[in-house]
Every structure is written in structure tokens, then in C-alpha cells.
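The structure appears right after this line, and notes come after that.
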Amino acid sequence: MIPVALTIAGSDPSGGAGLQADLKTFHRFGVYGEAIPTLITVQNSLRLTRVEHLAADLVEAQIQAVLEDMPPNAAKTGALGSRSVVEAVASRARGFSFPLVVDPVLSGTLGGLLGEGAFDALIAHLLPRAFLLTPNLREASAITGLAVQDRDSMLAAGKTILALGAKNVLVKGGHLAGNALDLLVTGAGAIHEFNTERIETPHTHGSGCTYSAAITAELAKGVPLADAILSAKRFVTEAIASNPGLGSGHGPLNHFA
Ligand code: PXL
């Protein structure tokens with residue numbers, strides 16, 4: 001049977017980030033993609049002007065519909081928007097029998113995607129359901145209260161997040177000054193480094209979404225976590241390096257990479 005991956009995330013009409021990026025990435029990895037929207041953004045590569053949250057019971061009903069008929073082999077969450085949606089997804093996630101990747105999206109390249117109270121709910125209720133949490137430096141800082149800015153503080157943040165209940169943590173150093181170093185801290189006590197050279201380009205819109213979607217696709221195929229991250233990191237690096245140059249601002253990646 002074809003592996004199935006599910007994304008629960010926001011919509012980006014420009015197709016670079018959010019569930020559009022997730023679906024393209026699932027497809028590229030040979031995985032059948034399912035997608036549940038949590039919020040609708042109005043944005044392009046230049047600006048984000050509006051975010052409309054969907055009702056929590058609508059999100060929950062979509063999860064129910066998918067699970068009862070075509071349960072995925074792995075799932076991810078992206079932008080969830082409101083506190084009630086975070087709580088609904090976390091409540092459903094308690095019954096997931098497949099790995100869940102939680103991308104703790106605070107804001108996109110261009111603006112806020114998490115409303116009042118939603119962040120605290122994410123830490124309290126959804127983080128403990130995560131097989132993998134994938135914070136960038138800003139998100140790791142916000143979650144832990146640490147100034148996460150180098151390898152040592154990334155490691156400290158990873159350990160703190162494990163203590164909060166995530167099974168594994170990938171702290172993404174894409175915004176570090178030097179190389180793009182990501183650190184995987186596993187619940188089993190292992191530390192893995194994923195290091196690539198920084199690519200200087202404004203076209204990184206949706207790189208976090210694409211990265212966590214690629215990891216989710218590999219997990220859906222049954223690939224072990226560290227190998228899944230290695231493969232996903234290669235893909236996202238190549239997708240940034242070969243970006244199609246679309247848009248006048250922060251344009252999308254090349255999802256054909
Ligand atoms: O990459 C974070 C993100 C998540 N979800 C949506 C987005 C973005 C970034 O722009 O637009 C819908």
C-alpha cells in the first residue's frame with residue numbers, strides 16, 4: 001500500500017508555505033498526501049494581510065473523517081492559529097497510533113500565525129504528543145525562555161523541550177550566523193548534527209514547512225528518524241539552492257528538487 005501522510009496546517013494561497021508546500025513535498029517523496037486546513041491566510045511573497053482561523057469543531061470533524069477511513073502513517077501540524085484549534089488537535093492527537101511531527105509555528109516569514117493563548121496551549125497540550133518537535137531558534141527561545149543562538153544553547157533548549165514531554169526535538173539553526181546547523185536531541189539520549197552551508201537568498205518562504213513535511217513523508221514510509229531528517233535536510237537545501245525565483249519578495253522553494 002502507498003504510504004499516507006497528513007498535514008494539519010494553514011493555507012498559503014501563493015503555494016510556497018503551509019499545507020500547499022506540505023502536499024507538494026509529500027508528493028515529491030512518493031507519499032499520498034492528506035491536508036486539513038486550520039486557517040486561511042491572504043499573502044504573497046511580499047506581504048501577509050489577513051489571517052482567518054477556522055472553527056475548532058470544523059478542524060476536529062476533518063480529522064475524524066480522515067482517521068475513520070484513511071488513517072495516515074504519519075502526520076504533521078503547522079500553523080494552528082487559535083487556542084481552541086490547538087486544544088482540539090491535541091485532544092485528537094492522544095488517539096494517534098502513528099508518529100506526529102509538530103512544527104511549532106509562531107509566525108511565518110511575514111507575520112503572526114498563532115493567536116492569543118494558543119502558544120501556551122501548544123506547549124501544555126500538543127508538545128507532549130509530539131514524536132518530533134521542530135522549532136527554529138526563535139521558537140526554541142520562546143518555548144524554553146533560553147537565548148537560543150549557538151550550538152550549546154540549541155542543545156540546552158533541546159533537552160529542556162524533551163523534559164516538557166516531546167519524544168525527540170530537532171532544533172533548526174537555519175538562522176545561525178555561520179552554517180545551517182540543526183541539532184536532533186532524542187529521548188534515547190542521542191545527539192545528531194545536520195550541517196549544511198548557508199545559502200544566501202531571500203527565497204526561503206516555506207522552508208520550515210517543507211522541511212517538516214519531508215521528515216513526515218519519510219516517517220510515513222517507515223524510515224528511522226535520523227535518516228528521515230538527513231534525507232529531508234538534503235531535499236530542503238537543494239530546494240532552496242534551486243529556487244525558481246518567483247515573486248518580488250521572499251519567494252518559494254523548488255518543490256521539484
Ligand atoms: O513557515 C511557516 C508558515 C506556516 N504556515 C503558513 C505560512 C507560513 C509561512 O509563511 O504561510 C500558512
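Counting starts at 1 for both ligands and their atoms, following the listed order.
Close contacts between ligand 1 and Ala17 involve ligand atoms 7 (C), 8 (C), 9 (C), 10 (O), 11 (O) [criterion: under 4.0 Å to a heavy atom]. Annotation for ligand 1: atoms under 4.0 Å from non-hydrogen atoms of Gly18 are 5 (N), 6 (C), 12 (C). Near Gly10, meaning under 4.0 Å from one of its heavy atoms, ligand 1 places the atoms 12 (C).
When only interatomic distances are considered, the shortest N/O to N/O separation between Gln43 and ligand 1 falls below 3.5 Å.
The heavy-atom pair separating Pro104 from Leu122 by the smallest distance is CB-CD2, 4.0 Å. Smallest separation of non-hydrogen atoms from Thr41 and Asp12: OG1-CA, 3.7 Å. Taking both residues in full, the closest heavy atoms of Pro244 and Pro252 are given as CD-O, 3.5 Å, listed atom of the first, atom of the second, then distance.
The closest approach between any non-hydrogen atom of Cys209 and ligand 1 is below 4.0 Å.
Within the structure, no pair that satisfies the salt bridge (charged side-chain N to carboxylate O under 4.0 Å, His left out) test touches residues 26-45, not counting sequence neighbours.
Under 4.0 angstrom from ligand 1, the non-hydrogen atoms of Leu113 all belong to its side chain.
Phe131 shares a hydrophobic cluster with Val101, Leu132, Leu170, Leu184, Phe194, Ile199, Tyr211, Ile215, Leu219, Leu225, Ile229, Leu230, Val236, Ile240, Leu253; the chain of contacts runs through ILVMFWY side chains whose heavy atoms sit under 4.5 Å apart.
Compare Gly81, Gly206, Ser212, Ala79 by their heavy atoms: the one nearest to atom 5 (N) of ligand 1 is in Ala79.
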Practice task
Could you walk me through whether Asp227 and Glu218 pass side-chain contact (heavy atoms from CB on, under 4.5 Å), step by step?
Solution key: CA-CA 8 Å; Asp227 296 336; Glu218 291 287 56; over 6 Å; no

